[in-house]
Number of protein chains: 2
Amino acid sequence: MKSLYQKSMSLTVLATSLLCVGAGAAPNDPATLGQIRDSAMKSDWAYERLADLTDLVGPRLSGSVGAAAAVEQVAAAMRKIGATVTLQPVKVPHWVRGAESAELVEYTGRPAGITQKVVLTALGGSGATPAAGLTAPVVIVRSFDELKAKAAQVKGSIVLFDVAFDQEMADRGHAGPAYGHGAGFRFAGPKVAADMGAAAALVRSVGGANYRIAHTGATGVVAENRIPAAAVTAEDAMLMSRLSARGLLKMHLTLTPQTLPDADSYNVIADLPGTDKADEVVIVSGHLDSWDLATGAHDDGTGVAGAMAVIDTLKKLNLKPRRTIRVIAWMNEENGTRGGKAYFDANQDKLDKHFAAIESDSGGGRPFGFIGSVTPPMVKYFAPLKTALEPIGAGIFERHDIAGAADTGPLERAGVPVFEPLVDSSFYFNYHHTPADTLDKVNPLELKRHVAVMTSLTWYLANMDENIGRVPPEQE
Amino acid sequence: MKSLYQKSMSLTVLATSLLCVGAGAAPNDPATLGQIRDSAMKSDWAYERLADLTDLVGPRLSGSVGAAAAVEQVAAAMRKIGATVTLQPVKVPHWVRGAESAELVEYTGRPAGITQKVVLTALGGSGATPAAGLTAPVVIVRSFDELKAKAAQVKGSIVLFDVAFDQEMADRGHAGPAYGHGAGFRFAGPKVAADMGAAAALVRSVGGANYRIAHTGATGVVAENRIPAAAVTAEDAMLMSRLSARGLLKMHLTLTPQTLPDADSYNVIADLPGTDKADEVVIVSGHLDSWDLATGAHDDGTGVAGAMAVIDTLKKLNLKPRRTIRVIAWMNEENGTRGGKAYFDANQDKLDKHFAAIESDSGGGRPFGFIGSVTPPMVKYFAPLKTALEPIGAGIFERHDIAGAADTGPLERAGVPVFEPLVDSSFYFNYHHTPADTLDKVNPLELKRHVAVMTSLTWYLANMDENIGRVPPEQE
């Protein structure tokens, strides 16, 4: 299959490349790739955009004034560097956090007059308690089987899913599966508890770090039975389990979030037009919305800033890709993925023109390379890219059957190969969805490496000769 | 000087020892010391008391219902194991936290409708803003010199002392000095700013850990000009500095704590009477009050539980000390040290009967030995104790001119030698004075080591022949 790659060095392609690059080299030759990498490693542009997004706009949950300001800011920044900007309308859920507090008001051994505060935060989509709160016994479970076994107690109670985040698994490099396990309880648990008649549902925060901070996130309660649902800190889950072991435990819980009508919002789409294959598209993206507790620096400010910087880096080098490079700042990844769905729906007739899609949404930890959902025979075509990224320690290509990023999920399921940076995410879930996901957690050097990977990968895909298209599962 | 130590093995002393211990051995012989150490390493009693204090009572700031419940609980636990319990009245400050919130409402580049939340917590002793808050420009300084240089701006402004905690210093084993540096700004800064006409004063949280948690603590504002004073998280201090660098910065600040009349409280004093030197006292102590944000597991639950367990350990072994062992759970270390002062005032005529005082208030990290303020020639008398503690890795005796613990400070300044466990406190200031100082942070094995050190040291001091008394500085 080497000959296929060699084809990109053919005279025909070289001639095209000369037109595009204007530098006498084929677009994916080592010199050009090295130039991109080195330029990215010298630029503060992405960090400046990230600082603008987090420091000036701050939190940007779908439907909020922050989300609207972020759309404006990113669109303006991309227009300023000469990209062609489109705002794609997206109707988004509009959930607004209210008061949130909880106290343990009854337990064995409680001295008169004492209540114990529980630190918690409502989950996105949570229903509300009465304004004065509700008081109910607490039932603690560690599995869905245990929940079912305790069905009689669950009715009218506050259920706590006390499932600890597996930090050791995260430390071994499997942060995603560790998160997935806990997030399963967070998303499904409150709905199941609601169906069983629970008055409210709590989950132990899904994430590492032991500083009594609550990790929010989306939950799956539905409009017909939208019970209050919140994440308690790991510390408070452990306290509740200890007190429950002493006897009866009752909680007073106040959560007053509101679910408002869907709001108008946008995907920000910024194109760098291609040359001879301009009708084909390579997407590079992150999601613009964040949770409301922090400024979403790692989730997913670094993804958005990294994607934005792809066009900046190429523009500064005056490099013109063969395919159109499309930066997308997705709206509503966190609680609906409406942006990804809207894009897919609007591009149903152009799916075969989507050569590949990159999405960065695992934080700004050190990148070691990239992940991609291509078939095994395709891997070899990425050798020059790996070589170009090796000097910054990012030369690993980890092939997956499914990359599994959220916003590009519909495209991937339709057969578009999806790529992601491969990053150290061992610490990511310490900050993810907490008040602590702030700019200071982002290492500027790692963000440069991130931009180098994102830009090199995008450029490489935009100029490849080989067809790396995946066969959609339903057509296999 | 070895002969002096050998004297403790003389027949006279041995005879006395036989009466006291009833086990055929001198009280400070290796077998007895080993028995104490091994017994402590097998007991869960201290951890159970710590769990009762933190899980059942919880926060216990001076004057609060929690502090009162803690007095009752500790007194009852000590009576239950047969100690002679006295409650010594102490009038304590009564400061109560109120609402606390802050937003950055004006800054260069702020999109319309956006404000940035600042996470902060009032400092103990802080004054209040109007209920609706106050709005003022922010002036950021990093030293008192810079504060003075900005005197004209300070008047009517909110001053932020943005001084970072030196975690590297803490990691090198100098957590105390690292804390002291920051705490100096926390205690003195708001008072100085108040004197210069500041509307309010903020300090960057004094402590490590980067999880956007605020560290409270006492500040020195006085009744005549009690301005609002709070600690902002490290993250928010950095945000404010970055935004201030872009231009004007204004904050809306709401803090509504109350300073109530002094309240009635108590030192809990529990004696294990001595035998032939019963009129002499060895104090072993921790402070019972905590800050209000958490359950004070490390600050100073481990100190109190460790001191309580001294009598439990000796009682279980049926060991009777020559000198009276006095466990004290001090009240009001955090914001007044009124308990330590009250004890000193009440014992002015018995100071010469205070052989030594132990205070544990550096958290429940791994103990490596003990600190003591004896004169250099006295160090050699502790060799058998060091030997006894070596098997659990706690055989270091670090001599200091001044041990410097808070509650025993008046005794130490009057010439009583003061001892403390020597512990790993590199992580202590991550949790200290934050909502995260909770039971789960205490390693049960380290607490056993802690009890082994506290009990061995107390026993050893209670039975020594040598006079280790310090000369009070004013008599030197």
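Labels below follow one simple rule: chain letters A, B, ... track the order of the sequence lines, proteins then strands, and each chain is numbered from 1.
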Trace of the side chain to side chain contact (heavy atoms under 4.5 Å, CB included) decision for B/D236 with B/L120: CA-CA 8 Å; B/D236 290 281; B/L120 48 59; over 6 Å; no
Set out, in order, the CA-CA distance, both residues' side-chain angles and the distance that settles side chain to side chain contact (heavy atoms under 4.5 Å, CB included) for A/I213 and B/R212, then state yes or no. CA-CA 9 Å; A/I213 54 174; B/R212 211 176 178 191; over 6 Å; no
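Aromatic pair B/H215/B/F165: centroids not less than 6.0 angstrom apart.
Looking at A/N430, the atoms closer than 4.5 Å to chain B (heavy atoms on both sides) sit in the backbone and in the side chain alike. No part of A/T115 comes within reach of chain B, as not one of its non-hydrogen atoms sits under 4.5 angstrom from that chain. Residue B/S64: no heavy atom, backbone or side chain, is found under 4.5 Å from chain A. Of the atoms belonging to A/L56, heavy atoms from both backbone and side chain fall under 4.5 Å from chain B. Proximity to chain B involves both the backbone and the side chain of A/A294, based on heavy atoms less than 4.5 angstrom apart. Only the side chain of A/Y107 comes within contact range of chain B, judged by heavy atoms closer than 4.5 Å. Contacts of A/A51 with chain B are made by both backbone and side-chain atoms, with heavy-atom separations under 4.5 Å. When heavy atoms are compared at a cutoff of 4.5 Å, A/D52 approaches chain B by way of both its backbone and its side chain. Using a 4.5 Å cut-off between heavy atoms, A/T434 makes no contact with chain B at all. Contacts between A/K441 and chain B at a heavy-atom distance below 4.5 Å involve the side chain alone, from C-beta outward.
Between chain A and the options B/T233, B/V57, B/V119, B/L104, heavy-atom pairs under 4.5 Å are most frequent for B/V57. Options B/A69, B/P435, B/G66 differ in how many heavy-atom pairs under 4.5 Å they form with chain A, and the most are formed by B/P435. Comparing B/R110, B/M238, B/K117, B/Q116 by heavy-atom pairs within less than 4.5 Å of chain A, the highest count is held by B/Q116. Most heavy-atom pairs under 4.5 Å with chain B: of the set A/L243, A/T54, A/I114, this distinction falls to A/I114.
No side-chain heavy atom of A/L160 sits under 4.5 Å from any side-chain heavy atom of A/M251. B/D299 places a side-chain heavy atom less than 4.5 Å from the side chain of B/E334.
No hydrogens or angles considered: nothing links the side chains of A/S241 and A/R204 as a donor-acceptor pair under 3.5 Å.
B/E106 contributes atom CD, which lies 9.5 Å from atom OG1 of B/T135 (distance to the nearest 0.5 angstrom).
Looking at A/D292, A/L288, A/V92 one by one, the single match for side chain to side chain contact (heavy atoms under 4.5 Å, CB included) with A/S62 turns out to be A/V92.
In this structure, A/F427 and A/H298 have perpendicular ring planes: the angle between them is above 60°, well past the 30° mark.
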